[in-house]
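Below: one structure, written as structure tokens.
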Amino acid sequence: LYATFAVLAALENRDRTGRGQYIDLSEYEAMLTCLGPTLLDASLNHKEILPQGNQSDSTPAAPYGCYPCLGEDRWCVLAVFNESEWEALGKVLGNPAWIKEERFSTYSRRKEHQEELNEYLRQWTCQRTAEEVVELLQEAGVLAGVVQNAEDLARDPHLAARKFFVNLEHPVLGRTISDRSPIKFNDSSESGWKAAPLLGEDNQYVYLELLGLKEREYSEYVQRGIIG
């Protein structure tokens, strides 16, 4: 995103001044701009910042995290931001006795005892599929989602409705599926897509039509092994 903004700014500057720009963009520095609160905490409070896994000190939610579900490597995520969502979560879980314990009575208490809380939730989620957990929670008004793998994404109804994937025929791989650009314009075409070319498949088009080589030059380069 920073690179895109930099290019657009340079083009705007060129239009105004007639001069181009050399862009010096650091990926490291771009990433650091997303860590403002953490850097401030470390510099002012002298706090040691350690890996937090799925927890977040800056997100005002508890419970908040990623939980194992029924099946091999199946997971869901959920977040509870207020007391009404906490009550809704309790109803979905069947209002177990621990849900009413003092240590879970407020957001700050739940945050303080989040490890114990997470363990209770793991015991519940691991007995159900990720899809079942998410459906139950979303219907109750609790934010939740399935941690999707590639197969899940390929079957995602929202992506299918958006026609994000296109079916392609590859000369070696056969029928394949490819993702398309998430950016759409008014005249975006849903046809004309082709599978990735084989090695050298478009050589004649590139060298003869685009680069303007003569047939004799092209053949000579092929014979000499310069063009594969």
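On a predicted model such as this, the values are computed, not experimentally measured, just so you know. Residue numbers start at 1 and run along the sequence shown.
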Here the pair of heavy atoms bringing L168 nearest to A195 is CD1-CA, 3.9 Å

Exercise for review: Using modelled atom types only, decide if a donor and an acceptor are shared between the side chain of T59 and the backbone of A61 within a distance under 3.5 Å.
Suggested key: no

Would you say E119 has more than 12 foreign heavy atoms packed within less than 6.0 Å of its CD?
-> yes

Taking the basic N atoms (NZ, or NE/NH1/NH2) and the acidic carboxylate oxygens, is any pair closer than 4.0 Å for R110 and E83? yes

>> Between F165 and R180, is there a side-chain heavy-atom distance shorter than 4.5 Å?
In response: no

- Query: Do NZ/NE/NH1/NH2 and the carboxylate oxygens of R162 and D156 come within less than 4.0 Å?
  - Reply: no

With the side chain counted from C-beta on, respond yes when W75 and D73 share a heavy-atom pair under 4.5 Å apart, and no when they do not.
yes

Rounded to the nearest 0.5 angstrom, the NZ-CH2 distance for K91 and W86 is 14.0 Å

Heavy-atom side-chain contact between R128 and L70 under 4.5 Å:
no

Exactly one candidate in V134, L136, V80 meets side chain to side chain contact (heavy atoms under 4.5 Å, CB included) with V142; the answer is V80

task = Measure from the side-chain N and O atoms of S219 to the backbone N and O of R216, and report whether any donor-acceptor pair falls under 3.5 Å.
result = no

### Message
Is the shortest side-chain heavy-atom distance between L78 and Y64 below 4.5 Å?
### Response
no

Value for CG (L121) from SG (C126), rounded to nearest 0.5 Å, stands at 11.0 Å

Thinking salt bridges, do E131 and R74 make one under a 4.0 Å N-O criterion? yes

In plain terms, say whether K214 and E217 are close enough for a salt bridge, that is, a side-chain N and a carboxylate O under 4.0 Å apart. no

> With the threshold set at 4.0 Å, does a side-chain nitrogen-carboxylate oxygen contact exist between E102 and R109?
Replying inline: yes

*Hey, can you tell me if W98 and Y120 have their rings parallel, tilted or perpendicular (30° and 60° cut-offs)?*
parallel

Worksheet item: Would you say N82's side chain and E85's backbone share a donor-acceptor pair under 3.5 angstrom?
Response: yes

Smallest heavy-atom separation, Q148 atom then L153 atom, equals OE1-CD2, 3.2 Å

So CD of E112 and OH of Y107: to nearest 0.5 Å the spacing works out to 12.0 Å

Side chain N13, main chain G20, donor-acceptor under 3.5 Å | no

_NZ/NE/NH1/NH2 to OD/OE distance under 4.0 Å, R155 and E151_ = yes

